[in-house]
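These values consider heavy atoms only, across backbone and side chains, with no hydrogens, waters or symmetry-generated copies. Throughout, a chain's letter reflects where its sequence line sits, starting with A, and its residues are numbered from 1.
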Amino acid sequence: MFDIKWIRANAEAFDAAVARRKGVSVRSSDLLAIDDRRRDIIVRLNQAQEKRNAASKLIGQAKAQKDEAKAEALMSEVTALKDSIQQGEAEERAIELELHNALAVIPNLLFDDVPDGADESGNVEYFGRNGTPETVAKVRAPRPSFSFAPKEHYEIGEALGGMDFEVAAKLSGSRFVVLKGQVARLERALGQFMLDLHTNAHGYTEVQPPLLVKDDALFGTNQLPKFEDDLFFAGHAGGRLALIPTAEVPLTNLVRESMLSEEELPLRFTALTPCFRSEAGSAGRDTRGMLRQHQFNKVELVSITSPEASVDEHERMLGCAETVLQKLGLHYRVMNLCSGDVGFGAKRTYDLEVWLPGQDTYREISSVSVCGDFQARRMDARYRPAGEKQAPRFVHTLNGSGTAVGRCLIAVMENYQQEDGSVLVPDVLQPYMGGLKSIGGR
RNA sequence: GGAGAGGUGGCAGAGCGGUUGAAUGCACCGCACUCGAAAUGCGGCAUAGGGGCAACUCUAUCGGGGGUUCGAAUCCCUCCCUCUCCGCCA
């Protein structure tokens, strides 16, 4: 969420920044006009309140001195102010809400070096800060070659008896799957492997958050008010709770409405959770298989940092997510999202796209974003800088998948498939599979 | 689910209709004392929004929201949360 004071001081920069965003037509002048009216209301209200407070003090003194006549006179004088104060308070509430609502739907400011582009076709491959195609090739697995036509994951999974979309449809409708046997275990192994990696090697604290959250939390991480249609809600007496679309919501909101000390930063949280998405805008897309489900597991990474540390933390987090794919021996590329593809709350986003030989294409398996203080403002999450008395500052937040477990299962199955329909278990997962080296093989 | 108690500043904890943004203690930061430290003394120490070039000043905030009143931390309504007891339960 933008700070109206910042917009006032940087009107041209704001207009230029907003112009880079798709489908946003707001201008600084619109917002400043609301703010002007707001200030005007506040000034008049404050003056009335000041008068009332001064008179009330005098009444208190008069009463203390038993001067009832004087008190009566003052009281009748102030009574007239009551209406205008109450009206002013109502006006202030209304205008604050108007400004808040206007600001709440404006997407975050992009970093200057985010490439311009209308949609994902404008994304640019990213090789790291000082990287090149050659340097990344040294650490990433090459694209696998097959002596046979590689199958898609659902063909492999169904043939192994480990993926059942038909029975899932009976239970829950489309975009659900039932995993069974060693495929289910492989999915579990992937989640455990990722969680262990991030907690043991990357310094993240494991969290088991609630999977149902309030609207306030969703506002904090930008799902509300603009993206309500993407959510599932569980209704209950007296309200509703949303099923989390990503653990970014509970993990980031862990610091909401708090005053951290600088020494605590950075905070790094990770969680393996189911995620629930209505996929309202994706009707007809990716309907085969388990690429796009209403429910899937994901390991999420969230960092809370000082403003100075967030840009470096972004690169670090990207590295944490990449390590997952490197250890699994999966071929992938990193894309620096263009202006038309970066999400609402992010200043910059890197996507990890894993190679799916069955689909013969790269597919997103992780998205790593730096949000600056955008979410912190929405959550009121601040920290007090160390040293002499300093004003509190908003923290910076980052989030990334590390990685989407369901999609990673797809990637493992397609990349490790054998001609006989079996799937080799990647080395790093074998300890999680009781030493099993192959599914469906012998 | 039933009955009760409670939510006050970084923390602990008073106040329960009148100059209270809020006693007191702890923590923290200056200064004094000291060779230094401790102890002690003095002073400072919330957040947000306005106005002002500035010094400064005004307003709001005692869980959230609404109300009564000239005036609310104090009274009323409502919601949320915490604790205790009983019941139920994985």
message: Measuring from the side chain of Arg382(A) (C-beta onward, heavy atoms only), which nucleotide among A48(B), G71(B), U59(B) has the closest atom?
response: A48(B)
- prompt: Mind checking who U84(B) pairs with, Watson-Crick or G-U wobble, both distances under 3.5 Å?
  reply: A3(B)
- prompt: Among Arg27(A), Arg20(A), Arg21(A), whose salt bridge (Lys or Arg N to Asp or Glu O under 4.0 Å) with Asp15(A) holds?
  reply: Arg27(A)
message: Reading RNA chain B from 5' onward, which residue's closest nucleotide shows up sooner: Leu45(A) or Asp35(A)?
response: Asp35(A)
task: Indicate whether OP1 or OP2 belonging to C70(B) is found under 4.0 Å from a side-chain N or O atom of Gln86(A).
output: no
message: Need one value for Ile59(A): base, sugar-phosphate or nothing, where a base atom within 4.0 Å counts as base even if backbone is also close, heavy atoms only.
response: base
query: Counting side-chain heavy atoms from CB outward, which of U59(B), C70(B), C80(B) is closest to Lys214(A)?
result: C80(B)
query: Which nucleotide sits closest to the side chain of Ser56(A): A60(B), G71(B), G49(B)?
result: G71(B)
- prompt: Can you tell me if the side-chain N/O atoms of Asn53(A) get under 4.0 Å from OP1 or OP2 in A60(B)?
  reply: yes
message: Counting only side-chain heavy atoms from C-beta out, which of G50(B), C58(B), G18(B) sits nearest to Val43(A)?
response: G50(B)
message: With a 4.0 Å cutoff (strictly under), does any side-chain N or O of Arg44(A) reach OP1 or OP2 of G50(B)?
response: no
- prompt: Are the charged groups of Asp373(A) and Lys347(A) less than 4.0 angstrom apart, N to O?
  reply: no
- prompt: Is the phosphate of G66(B), meaning OP1 or OP2, less than 4.0 Å from a side-chain N or O of Arg93(A)?
  reply: yes
- prompt: Quick one: is U69(B) close enough that its OP1 or OP2 comes under 4.0 Å of any side-chain N or O from Lys82(A)?
  reply: yes
- prompt: Are OP1 or OP2 of U47(B) and a side-chain N or O of Arg393(A) less than 4.0 angstrom apart?
  reply: no
message: Counting only side-chain nitrogens and oxygens, does Arg39(A) get under 4.0 Å of the OP1 or OP2 atom of G49(B)?
response: no
field: G10(B): pairing nucleotide in any strand, Watson-Crick or G-U under 3.5 angstrom
entry: C26(B)
- line: Per nearest nucleotide of RNA chain B, the residue lying toward the 5' end, Lys5(A) or Gln61(A), is Gln61(A)
query: Does the side chain of Arg38(A) get closer than 4.0 angstrom to OP1 or OP2 of G50(B) through an N or O atom?
result: yes
